[in-house]
Amino acid sequence: MRRLVILLALLVATLPARAQQAAYPDRPIRMVIPFAPGGAADVVGRLTAQAMSEDLGQPVVVENRGGSGGIIGSQAALQAPADGYTIVLHTLSSGVMNAGLYRSMPFDLHRAFAPVGLVGTVPNIIVVNPGVPAQTLQELIALVRANPGRITYASSGPGTIVHLSGHMLANAIGAEMVHVPYRGSGPALADLMAGTVQVMVDTLPPYVALVQSGQVRALAMASRTRNAALPDVPTAAEAGLPGYETYNWHGVFVATGTPAPIIARLERALRNAIAAPATRQRLIALGVDPRGTGAEELATFWDEQFRIWIPIIRASGATAE
């Protein structure tokens with residue numbers, strides 16, 4: 001009898017926690033995008049948030065917190081309770097490269113965040129303002145070599161993949177270009193279109209419509225193959241710069257310590273969102289290769305990205321400080 005009473009007491013004690021997990025989510029979820037509005041992460045993040053909200057039955061509200069290559073937004077997400085009501089859309093820059101670019105960070109990326117799932121991978125594209133007298137990548141290379149230190153390239157901030165991609169392009173050309181950092185791809189893109197800066201190597205999604213409308217000029221895809229969204233744009237190798245390849249990815253994460261059942265629910269929502277035909281078609285049209293993999297697959301992919309990029313960053317000597 002005493003044992004039965006104890007078991008009943010334990011069952012009653014666990015009911016609130018179980019009910020809370022079963023009810024998740026019972027209010028809106030915040031998706032922190034650690035970059036300014038208007039860039040690739042913002043475009044992909046908002047599409048992902050909308051699709052996930054349909055599966056979760058609650059709004060997934062986007063909050064842009066740009067600055068310091070994604071560190072400010074990451075910190076903001078980590079300051080919230082690890083209860084699944086704050087998720088983060090990390091990119092290669094904010095999710096990996098910062099670990100190699102900053103001598104000291106306020107948190108350890110690998111320990112602070114837990115994977116939920118990979119949205120997709122996407123190539124970078126080399127674009128210029130239409131006023132730049134270069135119709136092809138070879139013409140841009142000649143222009144930079146003839147004007148060392150006078151051609152500017154924009155980035156979404158020191159240490160981001162956009163910065164490093166521009167740095168790698170200048171090295172591949174063999175002549176100096178001037179780096180102009182911004183607090184996100186959105187402001188950088190605005191100045192590129194205005195002609196304040198001349199060149200940018202950025203993640204593809206925001207540029208598809210701009211290239212098609214002539215607001216920016218695409219010179220090459222920084223990938224091994226052409227992209228279905230802009231099939232007429234050659235690869236860097238086809239355009240005369242073999243070996244130049246940079247890419248990005250977008251993945252959903254939560255703070256470490258988030259309960260496993262909640263991570264599993266978010267993982268299922270992400271998988272279903274990316275598997276939905278309408279979402280897949282929209283991502284492909286933006287130049288994204290939809291993946292929709294889960295937490296375990298993202299964890300393996302994430303580890304691999306650290307192994308690939310941290311040695312490259314350290315060998316290059318690039319820093320964000």
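No hydrogens, no waters, no symmetry mates; every other heavy atom, side chains included, goes into these values.
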Using 0.5 Å steps for rounding, measure from the [atom1] atom of [X] to the [atom2] atom of [Y].
X: Y207; Y: L230; atom1: OH; atom2: CG; value: 12.5 Å
X: R291; Y: H250; atom1: CZ; atom2: NE2; value: 13.5 Å
X: L169; Y: M200; atom1: CG; atom2: CE; value: 13.0 Å
X: L298; Y: D303; atom1: CG; atom2: CG; value: 9.5 Å
X: I161; Y: L101; atom1: CD1; atom2: CG; value: 9.5 Å
X: N248; Y: S185; atom1: CG; atom2: OG; value: 8.5 Å

query = Do you see a donor-acceptor pair shorter than 3.5 Å between the side chains of D26 and Y85?
reply = yes
message = Is it true that T136 and Q138 share a donor-acceptor pair across their side chains at a distance under 3.5 Å?
response =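 Absent: no donor and acceptor within the cut-off.
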Would you find a donor on one side and an acceptor on the other, under 3.5 Å apart, between the side chain of [X] and the backbone of [Y]?
X: W302; Y: G95; answer: yes
X: R145; Y: G174; answer: no
X: N124; Y: A222; answer: no
X: T86; Y: R30; answer: no
X: D108; Y: R111; answer: yes
X: R217; Y: V132; answer: yes
X: N129; Y: M193; answer: yes
X: R226; Y: P231; answer: yes
X: T152; Y: V178; answer: no
X: Q281; Y: A278; answer: no

Please give me the minimum heavy-atom distance between [X] and [Y], naming the atom from each residue.
X: A229; Y: I284; value: CB-O, 3.9 Å
X: A51; Y: A273; value: CB-CB, 3.5 Å
X: S74; Y: F107; value: CB-CZ, 3.4 Å
X: P130; Y: G214; value: CG-O, 3.5 Å
X: P34; Y: L89; value: CD-O, 3.2 Å
X: G69; Y: Y102; value: N-OH, 4.0 Å

Side-chain heavy-atom pair [X], [Y] within 4.5 angstrom cut-off:
X: T300; Y: E304; answer: no
X: L210; Y: V127; answer: no
X: M52; Y: L266; answer: yes
X: T196; Y: V180; answer: no
X: E245; Y: T235; answer: no
X: F35; Y: S93; answer: yes
X: L78; Y: F113; answer: yes
X: V96; Y: L109; answer: no

query = Do V43 and V61 share a hydrophobic cluster, counting only Ile, Leu, Val, Met, Phe, Trp and Tyr and linking them when any side-chain heavy atoms are less than 4.5 Å apart?
reply = no
message = Quick check: is L92 connected to I72 through a chain of hydrophobic side chains (ILVMFWY, heavy atoms under 4.5 Å apart)?
response =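 Different clusters.
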request  = Run the salt-bridge test on D42 and R46 with the 4.0 Å N-O cut-off and return the result as yes or no.
outcome  = yes
key: Ring centres under 6.0 angstrom apart (W249, F301)   = yes
ask   = With a 6.0 Å cut-off on ring centres, are H167 and H179 close enough?
value =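 Distance test on ring centres: not under 6.0 Å, no.
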ask   = What class does the angle between the rings of Y153 and H163 fall in, given that below 30° is parallel, 30 to 60° is tilted and above 60° is perpendicular?
value = parallel
inquiry  = Tell me whether the rings of F253 and H90 are parallel (<30°), tilted (30 to 60°) or perpendicular (>60°).
reply    = perpendicular
query = Taking everything shown except R271 itself, do over 12 heavy atoms lie less than 6.0 Å from its CZ?
reply =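 Enclosed.
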query = Got more than 12 heavy atoms from elsewhere within 6.0 Å of CZ, R183?
reply =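 Atom CZ in R183 is not crowded, with 12 or fewer foreign heavy atoms closer than 6.0 Å.
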ask   = Between V254 and I263, does a side chain to side chain contact (heavy atoms under 4.5 Å, CB included) hold up when you go through it step by step?
value = CA-CA 8 Å; V254 291; I263 294 178; 3.9 Å; yes
ask   = Quick one: which of V216, L137, L219, I151 gives a side chain to side chain contact (heavy atoms under 4.5 Å, CB included) with V128?
value =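 That would be L219.
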task = Check the pair R280, I274 against side chain to side chain contact (heavy atoms under 4.5 Å, CB included), reporting the backbone distance first and the verdict last.
result = CA-CA 6 Å; R280 290 186 65 84; I274 305 305; 4.3 Å; yes
